[in-house]
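Notes follow the structure.
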Amino acid sequence: MKDYKLIFAVFTVAIVWGTTFLAIRVAVETIPAWFVAGIRQLFASIIMLFILLSRKEFKWIGWKNLGYQVIFASLILVIANGMVTVAEESVTSSLASLISACAPILVFLGSLAIGLQKFSFRAMAGVLICFSGILFVFWDGLKDLANPQYRTGMIFLFCAISGWASGTIFTKKMNIQSGNITLNLFYQFLFAGVVQIIFAFIFSENYNFENWTLKSISAMLYLSVFGSVAAFFAFHYALTKISPVQVSIIAYINTIIAIFLGWLIMDEKISFKFIIATALIICGVFIINYRPEMFKKKKIEKAASI
């Protein structure tokens with residue numbers, strides 16, 4: 001019998017995370033980027049708090065675990081998520097999603113540098129294919145680098161994927177156990193939200209709340225409820241049914257959806273070189289992450305009901 005919950009979970013992750021780049025682009029049209037990121041995380045933390053209280057699972061996690069959550073939140077939420085949001089003030093959602101798809105390259109190279117990953121010619125071939133895709137991106141938009149705003153946006157994007165890669169490597173290096181993921185996420189969202197709101201008041205030149213449109217506010221709330229909470233629960237449900245490597249394939253779908261929606265809704269220009277770059281980067285990342293067990297069914301042992 002088909003697992004319709006699993007199918008729904010996979011489609012939720014693929015579609016929702018594929019739409020987040022578009023939602024960010026819409027949100028930052030009238031709301032300063034750091035406010036978008038900060039309010040998104042704070043609202044997500046409130047939702048997590050209600051879930052924890054309803055389950056009677058809210059508790060103090062201890063200073064050591066809090067330290068881990070703060071480091072992880074700083075890298076993944078403040079730097080990676082926050083800087084992607086800032087970048088989309090000056091670059092398209094399509095380009096942001098494509099550059100973000102390159103993060104596994106940095107994870108591989110970083111893991112290789114500190115001994116977490118063994119060298120393989122297959123993975124190195126994937127890295128070279130990804131880099132060729134990046135060259136196509138800049139070949140197509142080299143003249144745009146003369147624009148200071150575009151150049152700054154690209155710098156923020158590369159800082160974002162560096163933060164994401166660093167957070168991933170940090171988790172692998174420290175061998176941090178998940179524990180109560182909802183509880184950990186509450187502390188992560190809360191910390192990131194507070195920091196980003198502080199950044200918003202410091203770095204936003206104009207945060208006149210009267211200029212915030214209903215369209216941008218709705219996009220920001222969508223990011224909180226669906227991008228940060230609903231997709232997260234769907235993602236972890238999928239992990240209970242299929243392997244992490246199989247779930248990672250969703251990332252390739254996310255990029256395609258983000259680029260398609262940017263073209264369809266935001267009228268973003270998609271050139272032939274950009275399509276080639278997308279194909280090369282997705283192909284390269286797939287080669288880097290390829291494992292023989294990718295397409296094998298995961299065996300799940302039935303646990304006794306509690």
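Computed over heavy atoms, backbone and side chain alike; hydrogens, waters and symmetry mates excluded. What you are looking at is a predicted structure, and each value in this text was computed from that prediction instead of being measured.
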Discussion item. Side chain to side chain donor-acceptor pair (under 3.5 Å) for N81 and Q41? Distances and angles first, verdict last.
Written reply: CA-CA 10 Å; N81 181 268; Q41 310 301 357; 3.1 Å; yes
Worksheet item: What do the steps show when you test Y187 against V70 for side chain to side chain contact (heavy atoms under 4.5 Å, CB included), and what is the final call?
Response: CA-CA 8 Å; Y187 284 100; V70 166; over 6 Å; no
Worksheet entry | Full working for side chain to side chain contact (heavy atoms under 4.5 Å, CB included) between F203 and V86 | CA-CA 11 Å; F203 297 114; V86 175; over 6 Å; no
Item to complete: Determine, step by step, whether S216 and T213 satisfy the side chain to side chain donor-acceptor pair (under 3.5 Å) criterion, reporting the C-alpha distance in whole Å, the side-chain angles of both residues, the deciding distance to 0.1 Å, and the verdict.
Response: CA-CA 5 Å; S216 291; T213 64; 3.3 Å; yes
Worksheet item: Do F58 and F186 pass the side chain to side chain contact (heavy atoms under 4.5 Å, CB included) test, and can you show the C-alpha distance, the side-chain angles, and the key distance before you say yes or no?
Response: CA-CA 9 Å; F58 180 71; F186 162 73; 3.4 Å; yes
Discussion item. Please determine whether side chain to side chain contact (heavy atoms under 4.5 Å, CB included) holds for the pair N184 and N65, giving the CA-CA distance in whole Å, both sets of side-chain angles, and the decisive distance to 0.1 Å.
Written reply: CA-CA 9 Å; N184 290 341; N65 191 15; 3.4 Å; yes
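Heavy-atom neighbours of F272 CZ from other residues, nucleotides or ligands within 6.0 Å: at or below the threshold of 12. In W263, the CH2 atom is not crowded: 12 or fewer heavy atoms of neighbouring residues, nucleotides or ligands sit closer than 6.0 Å. Heavy atoms from other residues, nucleotides or ligands lying under 6.0 Å from CH2 of W60 number more than 12. Few gaps surround CG on N208; more than 12 heavy atoms of other groups in view lie less than 6.0 Å from it.
For the pair S97 and N254, the minimum side-chain heavy-atom distance is 4.5 Å or more. With a 4.5 Å cut-off on side-chain heavy atoms, V285 and T255 do not count as touching. Within the 4.5 Å cutoff, no side-chain heavy atoms of F191 are placed close to those of S45. At least one side-chain heavy atom of V16 sits less than 4.5 Å from a side-chain heavy atom of Y222. Using a 4.5 Å heavy-atom cutoff, the side chains of L106 and W164 are not in contact. I99 is listed as a side-chain neighbour of M154, based on a closest heavy-atom distance under 4.5 Å. Side-chain contact check for V26 versus K215: some heavy-atom pair is nearer than 4.5 Å. Here the side chains of F232 and L185 are in contact, with some heavy-atom distance below 4.5 Å.
Atom-to-atom distance recorded for Q69:CD and K64:NZ is 12.5 Å, nearest 0.5 angstrom. A distance of 11.5 Å separates CZ of F233 from OG of S228, quoted to the nearest 0.5 Å. Distance check: C283 SG to I129 CD1 gives 4.5 Å after rounding to the nearest 0.5 Å. How far CD1 of I105 is from CD1 of I281: 6.5 Å, rounded to the nearest 0.5 Å. Separation of atoms CD1 (I217) and CD1 (I39) is listed at 8.5 Å; rounding is to 0.5 Å. One finds the CG atom of L49 at 10.0 Å from the CG atom of L183 (value rounded to the nearest 0.5 Å).
One hydrophobic cluster holds both I181 and L77 under the rule that ILVMFWY side chains link at heavy-atom gaps under 4.5 Å. Residue V36 is grouped with residue M266 when hydrophobic side chains (ILVMFWY) are merged at heavy-atom distances under 4.5 angstrom, including chains of intermediate members. Note on L214: it does not cluster hydrophobically with L223, by side-chain heavy-atom contacts below 4.5 Å among ILVMFWY residues. The same ILVMFWY cluster, assembled from side-chain heavy atoms under 4.5 Å apart, contains both L98 and I275. Residues I46 and V229 fall into different hydrophobic clusters, defined by Ile, Leu, Val, Met, Phe, Trp and Tyr side chains chained together at heavy-atom separations under 4.5 Å.
Two rings, from Y207 and W34, have their centers 6.0 Å or more apart. In this structure, F43 has its ring center no closer than 6.0 Å to that of F189. A centroid separation of less than 6.0 Å is found between the aromatic rings of F201 and F35. Ring to ring, F121 and F119 are close: their centroids are under 6.0 angstrom apart.
Nearest heavy-atom pair across L22 and I265 is CD2-CD1, 3.5 Å. Taking each heavy atom of V13 and A231 in turn, the nearest pair found is CG2-O, 3.6 Å. Heavy-atom minimum distance, T85 versus A33: CG2-O, 3.4 Å. Considering all non-hydrogen atoms of both residues, G262 and S94 come closest at CA-OG, 4.0 Å. Pairing each heavy atom of A103 with each of A165, the nearest pair is O-CB, 4.2 Å. Of all the heavy atoms in V84 and S100, the pair that sits closest is CG2-OG, 4.0 Å.
In this structure a side-chain-to-backbone donor-acceptor pair under 3.5 Å is present from S90 to Q149. Listed for the T278 side chain is a donor-acceptor partner under 3.5 Å among the backbone atoms of F274. R25 contributes a side-chain N or O that, together with a main-chain N or O of V91, makes up a donor-acceptor pair within less than 3.5 Å. With hydrogens and angles ignored, the 3.5 Å screen pairs a side-chain donor or acceptor of S224 with a backbone N or O of R40. In this structure a side-chain-to-backbone donor-acceptor pair under 3.5 Å is missing from S111 to F108. In this structure, E268 contributes its side chain and S93 its backbone to a donor-acceptor pair below 3.5 Å. Looking only at distances, a side-chain donor or acceptor of W17 sits under 3.5 Å from a matching main-chain atom of G227.
For the pairing with R55, the side-chain contact (heavy atoms from CB on, under 4.5 Å) check across I51, L52, L53 returns one residue only, I51.
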